[in-house]
Amino acid sequence: MKIQLKNSEKLMEYNEPVSIFKALKELLPDSKPFAAKVNDGEAVDLTSMLDKDAIIEPLDFSSAEGREIYRHSTSHLLAMAVKELFPEAKLAIGPAIENGFYYDFDIDVLFSPDQLEQIEKQMKKLAKKNIKPERFTLPRAEAIAKMKELGEPYKVELIEDLPEDSVISFYKMGDFVDLCKGPHLPYLNYIKAFKLTQVAGAYWRGNEKNKMLKRIYGVSFDTKEALDSYLEAQEEAKKRDHNKIGRELEYFTTVDYIGQGLPIMLPKGSRTLQILQRFVEDEEERRGYLLTKTPLMAKSDLYRISGHWDHYRSNMFVLGDPNDEKSECFALRPMTCPFQFQHFLNKTRSYRDLPMRLNETSTLFRNEASGEMHGLIRLRQFTISEGHIICTKEQVEHEFEESVKLAKYMLETVGLDDDVSYRFSLWDENNRDKYIGDPETWENTQDFMRKILMDIGIDFTEAKGEAAFYGPKLDIQIKNVFGKEDTLITVQVDFQLASRFEMFYTDKDGIKKNPIIIHRTSIGCYERTLALLLEKYAGALPMWMSPEQVRILTITDRNDEWAKEVQTRLQSVGIRVTIDNRNEKIGLKIREARLERLPYMLILGDKESENKTLSVRDRAGETTDGVSLDEFTSKALELINTKAKY
RNA sequence: GCUGAUAUAGCUCAGUAGGUAGAGCACUUCCUUGGUAAGGAAGAGGUCAUGGGUUCAAAUCCCAUUAUCAGCUCCA
């Protein structure tokens, strides 16, 4: 039989079955693969035997699959160490994740930093022992018996969920046996560099009704250098954390007696939000949107119609006693839809009114669980670039496409387009209770959305079961400096709510029909977008959205008048300018302006004043002397008006 | 909401065998009238997150609450 290396002419012939390990040793003597794929199938252990012709592909740290195997084995090493140090720990699951791994344990021990260090030491000790993971399989019933014997209730539950006829695989590493699909590294001493990073709680199977287990997170790499540079990069990323620099640079603050998720936007943060809002509202007006301004609260009656009263009340701020039938009960709004729909409902509508594009800079209130709040990313009160497009069936494809294009335009303009990923969130046909509407509508809607996304050339992933209850959606996702992903923008197609709100238009044929509604945001929630912009630019926002664009620094008070004149001239064309004429050393003033990440400093001394020129210092620290005020003004205006990335 | 950690001056942090609250920077005043990352001096600023408890005595020990951080779950 012939064993060939994938994407290579290299070939070995054998007369009897051979292990992949041996074949690869001979095909690639210098390599040290972790596992392999046979005939483009799933990855398998190197100990697997080959008994017929095959093309094999070694997997090592250079491939995503290889890294996953490496990190998965590291998680087993962690479980081994924990079981040795804390035999009472019950094992749950331990997968590889991006850059590392975790393992969940049911145990009363708190896993203090000291204990974590102890576990890490034990792992290092075990890794040196050259343990060889050995795979074996058992029939389902025997597998359950084995796990019961070892006292592992979570593993028993996992096996019980597998089909009756499945063969269950285990790995034995020294004395440690774990249920596992594999594959694993051929030897545990392949693991060279890892670090346990933190302990956290995690619900068994991700369900908050289940018991909370202890999860240990770690990172692992093939070399010590790679691990160190990763850890260093993490430290650097944290310096961009908007929650840190946003407070330091005085964009926002929080006050404990005001409450969680209710940030105070300070003048700088407020100004940038205003700039973004004006930009969005103006652009939307240009694109045919009609602006609305609707109440921030409504009687409970409205939410009974929308369905929120029954399904979302625990997340709403209710004013008044819902149980007192004699007095009115209000609630702050968690969404804009039914308020904005009132414009459509204000009079009888015909097909001539469609598409009706409505936008609103809309403040919403959601009573999120107390542990959910995070900086400006997750709030209880936030303001979104909200909008609804009410249209006919014939118009919906075009309107959807335009909505996606608008969102893309916004992302490109603010500079976040390279940092987002697109997620097409579908319904789950096996879980129909979660959704309203018939399967045919769902499938058709998803098909046309998918087609448009491909036509526009968007690279998206599909996520089953992530749709809204009334329709599929395109979510534009972004990661913060900690790697946590959030939705920045969403565009949803809704065939359901129009009938619920009794929205009709008279079509050309004289028949009353329900319109289709697109729920969309163009730049997302302003606070969240600001947070991600602060992280993206490490606080040095592009000049056009910077709350302070130019600061004039005077060297001597003889130039105060010239400084004032420069400020007035620049302000008259709409540039935001401040003067620092404190009686301080110029070095100190420059240092402060740099720490505040200002786009430009104008340094004025006698020389500049007499020549009527400026000494201009940019963000990079480059200084240009002898610049005339007109020159600087036109350059600054160009950067602002073109919304340059500077 | 759950798991774990944290809360001392505007900021960064000291302050453990319970015994009267500290530093640097920032701030104010004065001196310094100047050249690209910190000139000098003096001063002011703290119910040690809040509320209880233990104690002769609590920033320190205990309980509760609030807020902040990471993670889970949830979500724009």
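Throughout, a chain's letter reflects where its sequence line sits, starting with A, and its residues are numbered from 1.
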Please confirm whether A:Tyr470 and A:His519 have ring centers closer than 6.0 angstrom. yes
Please list, chain by chain and in numerical order, all residues satisfying side chain to side chain contact (heavy atoms under 4.5 Å, CB included) with A:Leu379, sequence neighbours excluded. A:Pro263, A:Phe382, A:Glu527
P spacing across the pair B:rA59 / B:rA17, given as an integer number of angstrom: 15 Å
Between atom CG in A:Asn581 and atom P in B:rU33, what is the gap in whole Å? 17 Å
Show every salt bridge (Lys or Arg N to Asp or Glu O under 4.0 Å) that has at least one partner inside residues 361-381 of chain A, sequence neighbours left out. A:Glu368-A:Arg378, A:Glu372-A:Arg378
Could you tell me the separation between the CG atom of A:Leu116 and the C1' atom of B:rA5, rounded to a whole number of Å? 13 Å
Base, sugar-phosphate, or nothing for A:Arg582, non-hydrogen atoms under 4.0 angstrom? sugar-phosphate
The ring-ring contact (aromatic ring centres under 6.0 Å, His included) partners of A:Phe365 (sequence neighbours excluded) come to none
Separation between the C1' atoms of B:rU20 and B:rA26, rounded to whole Å: 27 Å
Separation of the P atoms in B:rC72 and B:rU16, to the nearest angstrom: 35 Å
A:Lys607 has an atom NZ; how far is it from atom C1' of B:rG34, in whole Å? 14 Å
Given the C1' atoms of B:rG51 and B:rC56, what is the spacing between them in whole Å? 23 Å
Suppose we screen for side-chain hydrogen bond (donor to acceptor under 3.5 Å, both in side chains). Which residues come up paired with A:Gln381, at least two apart in sequence or across chains? none
Using a 4.0 Å heavy-atom cut-off, write out nucleotides 68-76 of chain B from 5' to 3' as B (base contacted by protein), S (sugar-phosphate only) or - (no contact). SSSBBBBBB
List the residues meeting side chain to side chain contact (heavy atoms under 4.5 Å, CB included) with A:Lys479, not counting sequence neighbours, and say none if there are none. A:Glu98, A:Glu485
Can you tell which of A:Asn559, A:Leu614, A:Val577 makes a side chain to side chain contact (heavy atoms under 4.5 Å, CB included) with A:Ile552? A:Val577
Would you mind listing every salt bridge (Lys or Arg N to Asp or Glu O under 4.0 Å) that reaches into residues 610-628 of chain A, with sequence neighbours excluded? A:Glu565-A:Lys612
Mind checking the P distance from B:rA38 to B:rA21? Whole angstroms is fine. 37 Å
Could you give the distance separating B:rU68 and B:rA49 at their C1' atoms, to the nearest angstrom? 11 Å
Just to verify, what does A:Asn243 make a side chain to side chain contact (heavy atoms under 4.5 Å, CB included) with, not counting sequence neighbours? A:Asp241, A:Arg247, A:Phe252, A:His374
May I have the distance from A:Ile216 (atom CD1) to B:rU3 (atom C1'), rounded to whole angstrom? 13 Å
Those stems involving RNA chain B that have three or more consecutive Watson-Crick or G-U pairs, both distances under 3.5 Å, are B:1-7 with B:66-72, B:10-13 with B:22-25, B:27-31 with B:39-43, B:49-53 with B:61-65
Would you list the pairs meeting side chain to side chain donor-acceptor pair (under 3.5 Å) in which at least one residue belongs to residues 262-274 of chain A, sequence neighbours left out? A:Arg271-A:Gln274
Rounded to the Å, how far apart are A:Lys239 NZ and B:rU12 P? 15 Å
What's the gap between B:rU66 and B:rG43 when it is taken at their P atoms, as a whole Å value? 43 Å
Summarise how protein sits on nucleotides 36-47 of chain B as a single string, 5' to 3': B when a protein heavy atom is under 4.0 Å from the base, S for sugar-phosphate-only contact, - for no contact. BBBB--------
Salt bridge (Lys or Arg N to Asp or Glu O under 4.0 Å) partners of residues 208-220 of chain A, not counting sequence neighbours, each pair once: A:Asp104-A:Arg215, A:Asp106-A:Lys211
Check the distance between B:rG4's P and A:Leu213's CG and give it to me in whole angstrom. 13 Å
Just by distance, with hydrogens left out, do A:Ser522 and A:Glu284 show a side-chain donor and acceptor under 3.5 Å apart? yes
Separation between the C1' atoms of B:rA76 and B:rG46, rounded to whole Å: 40 Å
